Amino acid sequence: MAREPTSVSPLFEQRMRINSSRTVSPTPNTRPTTPTTNNHNNHNTASKSALLESSQATGSDRPSSTEAQPSSASALPANSAVLTLNPNSMAMVVNGVSKPAKNEKLCRNVLIYGSCRFEDKGCIYSHGNVPGPSSSKGSQSPTGTSSSSGGRPRGPLAAAAFGTSATAQPFNPNPSRPLPVSMSSAGSLNNVSPMTSPSRMSASVSAPVFRPAGNAAPSTAPSTPSKMNAVGSSISTEHLKAATFVPRAGGSMTPNATQSSIYQPTEDDSTPTTRADVGGYVSGAMMNMNGAVPGGTSSQGMNMEQKDNFYPTDTRVLDHHLYSTPLPHTANLPASHLPLHNFFLPADLLAFIHGRAEAKLASRSADGSLPSELHVYHSLHTLMAEATPQERSMRVFGYITDAYRARCRLDGRLYCLRRVEGFKLGKETAFSVLDKWRRIRHPNIVSVREAFTTRLFNDSSVIFAYDYHPRSRTLYEAHLGNQIEMITQANGTITPAPKAPTGIPERVLWSYIAQIANGLKAIHTAGLACRTIEPTKIILTGRNRIRLNCCSIFDVTTFDSPSANLHYQQQDDLLNFGKLLVSLCCGTTGAVHALAASLEAIQTAYSPDVKLVILYLLGKPGPGKSIDDILVMLGPRLLNEFDAMQNYADSLESGLEAEVENGRVARMLIKLGFINERPEFQQDPRWSETGDRYVLKLFRDYVFHSVDEVGNPVLDLTHVLLALNKTDASLDEKIMLVARDEQSCLVVSYREIRNSIEKAYMELMQQSSGMR
Ligand SMILES: Nc1ncnc2c1ncn2[C@@H]1O[C@H](COP(=O)(O)OP(=O)(O)OP(=O)(O)O)[C@@H](O)[C@H]1O
């Protein structure tokens with residue numbers, strides 16, 4: 001049963017109002033309804049708020065179990081204070097049994113809030129004078145352990161019951177009359193001061209300590225336990241130098257709801273904060289009675305509907321405190337998928353990115369035949385084509401070529417090295433052509449970086465370095481790997497075995513045509529020819545993303561004996577382009593050997609335009625034949641390609657947005673990780689447990705260590721993400737952090753928590769070796 005940090009218990013709202021002014025005694029009829037949007041999280045809010053209310057019963061002044069609990073409750077965990085409030089009568093019932101006669105013990109509601117709303121409604125405790133701090137009794141435990149409920153931290157659960165109600169609008173029983181100042185500051189620290197009154201705080205085990213303003217010396221880790229006005233609880237002296245409360249007006253420590261006691265956990269106001277407009281505890285002192293923070297945003301005015309809404313519409317708060325919603329054009333997913341989609345990348349994109357990361361890191365067992373270093377490259381890893389028809393083929397270049405992934409020690413990046421085995425370079429000037437190739441940077445071409453000769457393979461080889469595109473596949477691997485049986489006809493001709501064309505879908509085919517044409521256009525315009533329009537020398541580097549590979553190799557290997565001039569080489573590119581399309585349409589490289597039959601099959605399976613393009617490419621070379629004509633023939637289909645690319649870019653941007661949010665959360669977690677539980681800092685083993693850091697400890701409990709009513713862990717990702725994001729955005733919304741012993745609680749805003757994180761982190765940074 002997950003408890004909900006964003007849902008608001010009406011009972012708690014009532015209680016907060018009571019806290020705001022002891023003169024107000026809400027009646028059930030005047031209690032406003034609290035709109036909630038996360039219905040699944042609203043259950044048990046009454047019992048949760050009651051749990052908090054009942055915290056007075058968890059200390060040593062708690063009535064004994066025999067007094068307060070009927071036998072039926074004996075099965076409940078020791079730390080599950082089962083106190084229910086009847087919202088209609090507001091009578092207090094303990095486990096269904098009315099409270100017995102009055103007790104002499106002072107009511108803790110009086111101690112905490114200054115009044116008890118159940119005073120006339122059956123509260124068994126005394127409602128006499130409120131003891132001041134000097135009247136404190138009880139001892140502190142040097143060990144810091146609680147003599148009370150102990151057990152698992154219930155703070156987050158309790159705080160969750162409060163949820164955003166800490167920022168609830170003040171309750172005004174008579175809307176026609178303005179609220180008293182302290183009440184109108186709903187959301188300011190003032191109206192919660194009774195919750196953190198000296199008596200209340202001192203009763204806690206690891207709670208911050210109140211210190212009146214102007215008090216000369218702050219209590220800093222007293223060496224001996226001192227008596228506090230605990231209500232039967234021991235206090236760890238370790239935490240006595242934790243957060244201190246400084247009443248704004250100074251002087252009085254009287255827990256008076258109308259007084260503006262400001263929570264100011266640190267002494268040093270001059271401690272730098274990272275953001276001038278982020279208040280933190282210090283800026284908490286700057287909050288006026290209306291809860292407005294100078295230079296910041298006020299939580300006042302945020303209605304519950306907005307706060308409960310997962311995607312708030314209130315533009316007065318920073319929008320980036322919540323996960324950004326997917327935009328309409330990327331959100332057309334089944335409703336059940338949306339929450340996941342909101343938080344993370346789409347599964348297929350995630351798999352794709354992970355796959356590429358794996359490919360970058362993959363390593364085969366050390367291949368002894370490969371040199372450990374090659375020029376400026378090391379960590380060579382053979383890239384094997386999965387479906388090469390003939391291992392180590394010489395078909396394309398006339399030389400055996402191998403491809404390796406290697407890391408460059410100059411820039412640490414991965415490159416693809418292509419080795420041309422047994423090639424002896426005649427003239428160094430053969431490499432001069434690479435200058436032209438290096439200048440080409442095109443999305444449909446694998447960029448050439450450099451070329452060099454080597455004898456490290458025990459032969460004379462030339463190595464070409466290209467950009468590495470992880471997880472790429474050749475077109476052959478992707479579409480032509482399953483070779484179709486070729487059959488020899490009676491007349492001796494070889495034809496593919498008759499079967500329905502297994503070519504690629506037309507939409508994909510047009511995409512390939514557009515991209516190859518685009519790449520060829522760039523190459524031809526640069527005064528070069530590709531010369532490797534081959535199924536094994538064009539790679540797919542993403543979803544339908546085509547890149548022309550192995551460019552420049554022919555230019556070097558044929559430098560001494562140029563077979564033809566540039567024009568003919570470019571015409572060859574077009575011819576090979578036509579043959580490639582025939583192969584792709586028919587699903588076999590053998591299709592080009594039976595062109596007539598293949599064209600017939602293509603005519604049946606594809607639109608006439610496909611055949612027209614192929615016929616043009618396979619047509620006679622001539623001065624008027626150029627790649628430009630293909631681009632013209634593509635016509636409106638280029639727009640399809642354009643649309644597809646833009647839609648894909650949109651979906652990537654949407655995924656990126658989600659990841660940006662995750663990045664924020666990760667940074668926040670990293671900082672918290674540096675601070676929480678730090679065993680020692682500046683020779684102070686209690687550093688992470690005191691001062692601002694104590695609040696962060698409770699915040700960590702609030703975010704991660706929630707438990708449900710029976711003490712089971714609550715693993716509510718939404719709660720975690722919301723809390724961390726709101727903190728990152730420094731929201732003025734307040735949450736209640738409850739000490740592990742449930743004896744004290746702090747109402748702090750996300751802004752203040754964020755400030756504490758930044759402040760503690762800066763402290764660490766300043767001392768870290770990197771900053772010296
Ligand atoms: N620049 C690159 N980045 C990443 N991987 C590449 C790169 N170039 C090629 N590859 C991959 O390396 C593998 C081998 O490529 P190669 O060009 O040698 O194919 P092949 O079918 O073996 O060719 P051939 O028949 O000429 O030997 C293929 O899986 C290919 O996707």
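Just so it is clear, the structure is predicted and the values come from calculations on it, not from any experiment. Read the numbers this way: they start at 1 and go in the same order the structure lists the ligands and their atoms.
Ion pairing between a basic and an acidic side chain is recognised when a charged N comes within 4.0 Å of a carboxylate O; Lys671 and Asp728 show no such pairing. A salt bridge links Arg754 with Glu758: at least one charged nitrogen is closer than 4.0 Å to a carboxylate oxygen.
Ligand 1 lies nowhere less than 4.0 angstrom from a heavy atom belonging to Tyr476. In this structure, Arg418 is part of the shell of residues with a heavy atom less than 4.0 angstrom from ligand 1.
Residue contact check: Val446 has heavy atoms under 4.0 Å from atoms 1 (N) of ligand 1. The contact set between ligand 1 and Tyr468, taken as ligand atoms under 4.0 Å from a residue heavy atom, comprises 3 (N), 4 (C). Numbered from 1 in the order shown, with element, the atoms of ligand 1 that lie under 4.0 Å from a heavy atom of Leu383 read 5 (N), 6 (C), 12 (O), 13 (C), 14 (C). Interface atoms of ligand 1 facing Arg473, defined by a heavy-atom separation under 4.0 Å, are 31 (O). Residue-ligand proximity, Cys416 to ligand 1, at heavy-atom distances under 4.0 Å covers atoms 1 (N), 2 (C), 3 (N), 7 (C), 8 (N). Contact atoms of ligand 1 toward Asp467: 1 (N), 2 (C), 3 (N) (distance under 4.0 Å to a heavy atom of the residue).
Within the structure, side-chain hydrogen bond (donor to acceptor under 3.5 Å, both in side chains) contacts touching residues 615-629 (residues at least two apart or in different chains) are Lys521-Asp628, Tyr616-Asp629. Listed by first then second residue, pairs satisfying side-chain hydrogen bond (donor to acceptor under 3.5 Å, both in side chains) with a partner in residues 572-585 read His524-Asp573, not counting sequence neighbours.
The residue from Ser472, Ala478, Ser447 that puts a heavy atom closest to atom 31 (O) of ligand 1 is Ser472.
In summary, the side chains of Trp437 and Asp555 do present a donor paired with an acceptor at a separation below 3.5 Å, with no hydrogens or angles considered. Of the N and O atoms on the side chains of Glu477 and Thr474, at least one donor lies less than 3.5 Å from an acceptor on the other residue.
With a 4.0 Å cut-off on non-hydrogen atoms, Lys537 touches ligand 1 through its side chain and not its backbone. When heavy-atom distances to ligand 1 are checked against a 4.0 Å cut-off, Asn549 comes that close only through its side chain, counted from C-beta outward.
Put simply, the side chain of Gln515 gets close to the backbone of Asn544: a donor and an acceptor are under 3.5 Å apart.
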Mind running ring pair (Phe, Tyr, Trp, His ring centres under 6.0 Å) on His381 and Tyr468 for me, showing each step along the way?
CA-CA 12 Å; His381 168 92; Tyr468 174 67; 8.6 Å; no
